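One-based numbering along the sequence shown. These numbers were taken from a predicted model, which means no experiment stands behind them. Any value given below was found using the heavy atoms of this structure, including those in side chains, with hydrogens, waters and symmetry copies removed.
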Amino acid sequence: MQHYPIGTPGTPWGDAEKQQWRASQTIKRSYQAEVVQKIQALAPQFEIVQYGALSYDTDRYPLLALKAPQWDDSKPAILVTGGVHGYETSGVQGALLFAKEYAADYFGDFNLLIAPCVSPWGYEVINRWNPLALDPNRNFVANSPAEESAALMRLVADQQVQFLAHIDLHETTDTDETEFRPALAARDGKYIAPGAIPDGFYNVDDSASPQPAFHKAIIDAVAKVTHIAPADKDGNIIGSPVVQPGVIEYALKALGLCASITGAAYSCTTEVYPDSPKATDDICNQAQVAAVKGALDFLKHHS
């Protein structure tokens with residue numbers, strides 16, 4: 001894997017290297033314009049919950065969620081999250097599109113809680129990490145050092161309900177290989193072998209409690225919008241065995257991943273591939289919407 005321009009190969013970063021990395025990040029888009037204003041426009045449909053603000057700039061980075069009106073504890077609760085990795089655009093915009101266009105269709109069946117952009121600083125600088133060079137999606141753990149992760153966990157705990165399902169919207173991009181894995185290797189002072197980016201959509205199930213029928217329903221729904229990633233020559237996607245078309249499994253809780261935070265019976269991490277020649281921004285957003293709708297339609301009939 002290519003040498004990263006910050007740090008010394010084989011030596012983990014200290015504070016100086018992390019500061020150098022942070023100084024290299026620049027604002028590339030507006031969280032306020034592209035996310036906050038869209039959330040505020042949904043006030044007639046949802047209760048808008050501010051569940052914190054990032055200490056890096058509390059005015060610039062309020063943490064906002066959309067909560068279904070007339071929350072009824074007799075209905076199953078569903079969590080939808082996006083933008084845990086801020087650079088994964090369709091996770092954010094797909095969550096917002098679902099909220100705007102389709103969420104109301106499910107209010108009669110579910111209590112919906114949607115956190116469209118968990119990592120707004122990462123959204124603006126288009127990065128996987130937060131300013132401390134921490135990956136929020138490896139830090140959904142007790143006493144998390146990542147404030148993005150800690151705030152979302154508090155939001156979930158504050159609902160005082162057992163969620164039925166959690167759909168966490170992500171992307172796998174070419175920059176995972178060209179930027180983010182080299183940065184990870186440099187930060188940790190480790191060698192990471194080059195990998196391959198799968199061309200297409202795939203899902204990550206929980207190896208501790210797999211739900212194959214649930215994931216098949218999501219894959220079937222998304223396949224109507226975009227292509228599903230095939231397994232590689234070894235039968236894997238990003239190094240994990242394909243357990244059914246378009247589905248792999250991770251130990252979600254052990255890895256500190258977002259999709260583990262509710263302990264829901266049904267959990268899902270989506271992975272859209274925006275760099276495919278067959279993809280567009282709209283296709284990627286629609287694929288995320290299809291994943292959420294496919295999950296909810298399954299749960300309406302099978303949970």
Rounded at 0.5 Å granularity, tell me how far [atom1] in [X] sits from [atom2] in [Y].
{"X": "S149", "Y": "D135", "atom1": "OG", "atom2": "CG", "result": "8.0 Å"}
{"X": "I78", "Y": "N111", "atom1": "CD1", "atom2": "CG", "result": "8.5 Å"}
{"X": "T226", "Y": "I283", "atom1": "OG1", "atom2": "CD1", "result": "6.0 Å"}

Looking just at side-chain N and O atoms, do [X] and [Y] make a donor-acceptor pair shorter than 3.5 Å?
{"X": "T280", "Y": "D282", "value": "no"}
{"X": "E88", "Y": "T173", "value": "no"}
{"X": "T81", "Y": "H166", "value": "yes"}
{"X": "E171", "Y": "T89", "value": "no"}
{"X": "D205", "Y": "Y250", "value": "no"}
{"X": "D199", "Y": "S276", "value": "yes"}
{"X": "S119", "Y": "E148", "value": "no"}
{"X": "K100", "Y": "Q45", "value": "no"}

Determine, using ring centers only, whether F107 and F46 are less than 6.0 Å apart.
->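 Yes, close enough.
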Could you tell me whether Y266 and F163 have their ring centroids closer than 6.0 angstrom?
->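 For Y266 and F163, the ring centres are not under 6.0 Å apart.
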Determine whether F180 and V125 fall in the same hydrophobic cluster, where Ile, Leu, Val, Met, Phe, Trp and Tyr are linked whenever their side-chain heavy atoms lie under 4.5 Å apart.
->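 Different clusters.
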Keeping [X] on the side-chain end and [Y] on the backbone end, is there a donor-acceptor pair under 3.5 Å?
{"X": "E177", "Y": "G195", "result": "yes"}
{"X": "H170", "Y": "N203", "result": "no"}
{"X": "D275", "Y": "D174", "result": "yes"}

Flag this pair as yes if the NZ/CZ of R22 is under 6.0 angstrom from the six-membered ring centre of W129 and inside a 45 degree cone about the axis; otherwise no.
->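 No cation-pi geometry.
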Mutual orientation of the aromatic rings belonging to Y87 and H85 [parallel < 30°, tilted 30-60°, perpendicular > 60°] |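 Ring orientation, 0 to 90° scale: tilted.
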With under 30° as parallel and over 60° as perpendicular, where do the rings of W21 and W13 fit, or are they tilted in between?
->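 The arrangement is tilted - the two ring planes meet at 30° to 60°.
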Whether over 12 other heavy atoms sit under 6.0 Å from [X] [atom1]:
{"X": "Q20", "atom1": "CD", "answer": "yes"}
{"X": "K75", "atom1": "NZ", "answer": "yes"}
{"X": "D15", "atom1": "CG", "answer": "no"}
{"X": "D57", "atom1": "CG", "answer": "yes"}

Is D109 paired with K300 through a side-chain N to carboxylate O contact shorter than 4.0 Å?
->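 Looking at K300 and D109, the cut-off is met.
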Does the pair D220/K216 count as a salt bridge with the N-to-O cut at 4.0 Å?
->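 Salt bridge between D220 and K216, a charged N being under 4.0 Å from a carboxylate O: yes.
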Please step through side chain to side chain donor-acceptor pair (under 3.5 Å) for the pair Y106 and D297, ending with a clear verdict.
-> CA-CA 9 Å; Y106 296 94; D297 290 342; 2.8 Å; yes
Could you give me the CA-CA distance, side-chain angles and deciding distance for L169 and V80, then say whether side chain to side chain contact (heavy atoms under 4.5 Å, CB included) is met?
-> CA-CA 8 Å; L169 308 179; V80 179; 4.1 Å; yes
Where do Q40 and V36 land on the side chain to side chain contact (heavy atoms under 4.5 Å, CB included) test, with the steps shown first?
-> CA-CA 6 Å; Q40 291 171 338; V36 172; 3.6 Å; yes
With clusters built from Ile, Leu, Val, Met, Phe, Trp and Tyr whose side-chain heavy atoms come within less than 4.5 Å, directly or transitively, what are the remaining members of the cluster of Y273, listed by chain and number?
->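 I197, which link up through side-chain heavy atoms under 4.5 Å apart, make up the rest of the cluster.
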With E124 as reference, evaluate Q32, K28, R60, Q25 under the side-chain hydrogen bond (donor to acceptor under 3.5 Å, both in side chains) test and give the passing residue.
->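 The option that passes is R60.
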Might you work through the side chain to side chain contact (heavy atoms under 4.5 Å, CB included) test for Y202 and T172, ending with a clear yes or no?
-> CA-CA 9 Å; Y202 64 99; T172 299; 2.6 Å; yes
Give the C-alpha distance, both sets of side-chain angles, the deciding distance and a yes or no for side chain to side chain contact (heavy atoms under 4.5 Å, CB included) between Q93 and K38.
-> CA-CA 10 Å; Q93 297 303 327; K38 290 184 178 182; 2.7 Å; yes
